[in-house]
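Here the structure comes first, spelled out in structure tokens, and everything after it is commentary.
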Amino acid sequence: MLQRGMAPSFYESDYNRYYEESAFENPPLKDFAPDLIYLHTSWLNIACFPKLNAPTEEIAKLVQQEMNKLEIMLISLKTRYSCAIIINNFDLPSHRSLGNLDNLEGKTHFINALNTALIKLVKEHPSVYVQDLLYLSAQVGLSKWFDSNLYYRAKYAMSYEGLACVALNLSKLTCAIFGLSKKVLILDMDNTLYGGVVADDGLAGLVIGSESALAESYSAFQRYILELKERGVLLAICSKNTHENALLALSHENMLLKPSDFACIKANFEPKDRNIEQIAKELNLGLDSFVFVDDNPAERALVSAQLPSVAVLDIGQPEEYITRLDEAGYFEPISLSQEDLARVAQYQANAKRQNAQQQFSSYAAFLQSLEMRAVIAPFHPNIFERLAQLINKTNQFNCTTKRCTLAQVQEWAQSPTYITLYGQLVDKFGDNGIVAISVGRIEGEICHLEIWLMSCRVLKRDLEFAMLNSLAKRARELSIKTLKGYYYPTPKNAMVAQLYTNFGFTLQSQAESGSVFSLDLEKHTDKPHYIKVNDGTSTDF
């Protein structure tokens, strides 16, 4: 976790007291005020296995007993601490008294039933996440996963090798929960996406397809990259090539990746660190959002030295590419939203907007031409996951960079002491999805704006002014007299340093740690913009 920029502190329960400390009052844990709770269990914690030849009803009853126990803990923890929770599914024992029949009648069969029930239970509890212990045990190998000597002497549920695997995987999941997953995979082309050099070998000389083991390894890597793209990871190319040769390579009959799969293509002979900086500028994303993959160690060393916030992966040999990228866990997701699935199309639509802008003599005329429409409305359950994701991933246009869990989003939405608004922006080029969030805490006649953020995809489109107007209207309806805005500077959010000043707020106090702004709603007038706004009560803009 330290390697990913997180410095955690820990509260650890007494050995095998996880149920008592979860289900009942726990003052030390309450004082610790956790941001995340991890319940570490394994098959060794299963209370009772069914007897041989037990009827189906008896097995189902035992499964339900285990799920009831788990649900009691989850409800108690969520109620008391309002934080994210990670639980394990169940791994398998390293021995099978029934041999292959164990999968049909024995412990293996029962554990599979438990894991199926656990998936159903977790889907009913937002902000609960599953660490796939079953997969991790298979990855290490059951013969190495459990150390009987270590267990009987020290009650370790797995070997040292297994513990290291769990710790690494847990750090990936934790980073994902707090919005530290990467967003963009930048790829070299020659000898990375395929074998050969297109400028020297020509299209016919490229190695990809099914004609050889090497060709198959490159095709498999492209297939894996497409899977990343399909669930929301942006792809970009950074290649020492002419643009024409890059497009030629992507036209190969066995090439699975096509130009339309990439949000940005940089093929030239500029240093790759400069091209990556240009990609970041065009996509409006911070450099810490990127992972760079290149077979050439010299290029990797250059990017690492010049752009230390870019993750640079030693990809190994072609047959290792998938394993090394997968195990690095840079793109670990915690959910899949509609925005994730549509992300590439959204960035491609943004490129069309940028091209369209050049056709107008004034920026105001360009904004008017976009025919923008927005839904600006209170939070609702169908979008809680997307809201938590946006809050945790937005760094630049974010006044406080406050992070949250799914449970906190739900709590804000249901609390009468909070004003919540989200903004979804649509224009003639397409739907940008949910791209803006405001959260205000009501204290008497004052509303404290604890969260004000917007996706950089919609910068300079006036959505922030439309959001302010809607917030001011809602605040007046609740007899609020004053809005308080907060700006806490970070290395990434300088672009919003003057946001509240531009809104017409008055600076109240300023310190190195942050600034406080105030707006008298009686004197406030709505800000003009080019967006037609719907309050979410109908589909008619």
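All values reported here derive from a predicted model rather than from experimental measurement.
- Residues K484 and V516 approach most closely at CD-CG1, 4.2 Å, considering heavy atoms.
- Side chains of W452 and T400 form no contact here, defined as non-hydrogen atoms less than 4.5 Å apart.
- Note: Y218 and Y194 fail the aromatic proximity criterion, with ring centroids not under 6.0 Å apart.
- Between the side chain of D147 and the backbone N or O of N149, at least one donor-acceptor pair lies under 3.5 Å.
- A distance below 6.0 Å separates the ring centres of H380 and Y422.
- Shortest non-hydrogen contact noted between D261 and K229 is OD1-NZ, 2.9 Å.
- Nearest heavy atoms, P489 versus G514: CD-CA, 3.7 Å.
- Around OH of Y152, the count of heavy atoms belonging to other residues, nucleotides or ligands within 6.0 Å does not exceed 12.
- Heavy-atom neighbours of K144 NZ from other residues, nucleotides or ligands within 6.0 Å: at or below the threshold of 12.
- Cation-pi geometry between K107 and F49 is met: under 6.0 angstrom from the ring centre, within 45 degrees of the axis.
- Under a 3.5 Å cut-off, the side chain of N112 and the backbone N or O of H109 do not form any donor-acceptor pair.
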Start with the C-alpha gap between H125 and E71, add the side-chain angles, then the distance that decides, and say whether side chain to side chain donor-acceptor pair (under 3.5 Å) holds. CA-CA 9 Å; H125 289 275; E71 188 163 32; 2.9 Å; yes
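- Closest approach of V63 to L114, counting heavy atoms only: CA-CD2, 3.9 Å.
- Enclosure of atom NZ in K258 by more than 12 non-hydrogen atoms of other residues, nucleotides or ligands within 6.0 angstrom is indicated.
- Side-chain contact check for N493 versus Q396: every heavy-atom pair is 4.5 Å or farther apart.
- Here the side chain of E332 pairs no donor or acceptor atom with the backbone of G329 at under 3.5 angstrom.
- With 3.5 Å as the limit, one finds a donor-acceptor pair spanning the side chains of T192 and D188.
- A donor-acceptor contact shorter than 3.5 Å is absent between the side chain of K69 and the backbone of A47.
- Ring geometry, Y418 versus W412: the interplanar angle falls from 30° to 60°, so the pair is classed tilted.
- You'll find the side chain of L228 reaches within 4.5 Å of the side chain of L325, heavy atoms only.
- Residues N169 and Y135 form no side-chain contact, since every pair of their non-hydrogen atoms from C-beta on lies 4.5 Å or further apart.
- Other residues, nucleotides and ligands place no more than 12 heavy atoms under 6.0 Å from the CG atom of N100.
- For the atom pair N89 CG and L118 CG, the distance stands at 6.5 Å (nearest 0.5 Å).
- Rounding to the nearest 0.5 Å places CG of L257 at 9.0 Å from CZ of F221.
- With hydrogens and angles ignored, the 3.5 Å screen pairs no side-chain donor or acceptor of S76 with any backbone N or O of I72.
- You'll find the ring centres of Y156 and Y151 outside the 6.0 Å limit.
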Under the salt bridge (charged side-chain N to carboxylate O under 4.0 Å, His left out) criterion, do R80 and E25 qualify, and how do the steps go? CA-CA 8 Å; R80 298 178 196 280; E25 286 284 348; 2.9 Å; yes
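- E21 and Y11 form a side-chain donor-acceptor contact under 3.5 Å, judged by distance and modelled atom types alone.
- In this model, a donor atom of one side chain and an acceptor atom of the other lie less than 3.5 Å apart for E411 and S82.
- To the nearest 0.5 angstrom, L168 atom CG is 8.5 Å from Q3 atom CD.
- Rounding to the nearest 0.5 Å places CD of Q139 at 4.5 Å from SG of C165.
- Put simply, the side chain of N398 gets close to the backbone of T394: a donor and an acceptor are under 3.5 Å apart.
- The closest donor-acceptor contact from the side chain of R403 to the backbone of I391 lies under 3.5 Å.
- Atoms CG and OG, from L313 and S304 in turn, are 10.0 Å apart once rounded to the nearest 0.5 Å.
- No donor-acceptor pair closer than 3.5 Å links the side chain of D294 to the backbone N or O of R300.
- Side-chain contact check for K120 versus E124: some heavy-atom pair is nearer than 4.5 Å.
- Counting heavy atoms from C-beta outward, I46 and F110 have side chains that approach closer than 4.5 Å.
- Here the shortest heavy-atom pairing between G423 and I376 reads CA-CG1, 4.4 Å.
- Looking at N392, its side chain does come within 3.5 Å of a backbone N or O of C404 through a donor-acceptor pair.
- Residues V128 and K78 share a closest heavy-atom pair of CG2-CD, 4.1 Å.
- No side-chain heavy atom of N88 sits less than 4.5 Å from a side-chain heavy atom of L39.
- Residues V409 and F379 have side chains in contact (heavy-atom distance under 4.5 Å, counting atoms from C-beta outward).
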Checking salt bridge (charged side-chain N to carboxylate O under 4.0 Å, His left out) for the pair E477/R474: CA distance, chi angles, key distance, verdict? CA-CA 5 Å; E477 291 171 351; R474 177 65 178 143; 3.5 Å; yes
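- A donor-acceptor pair under 3.5 Å links the side-chain atoms of R457 to the main chain of N432, judged by distance alone.
- Within a 6.0 Å radius of OH in Y160, other residues, nucleotides and ligands contribute 12 heavy atoms or fewer.
- Within 6.0 Å of atom CD in E12, 12 or fewer heavy atoms from other residues, nucleotides or ligands are found, so the atom counts as exposed in its surroundings.
- Distance check, rounded to the nearest 0.5 Å: CG of L234 to OG of S289 gives 9.5 Å.
- Y486 OH: more than 12 foreign heavy atoms inside a 6.0 Å radius.
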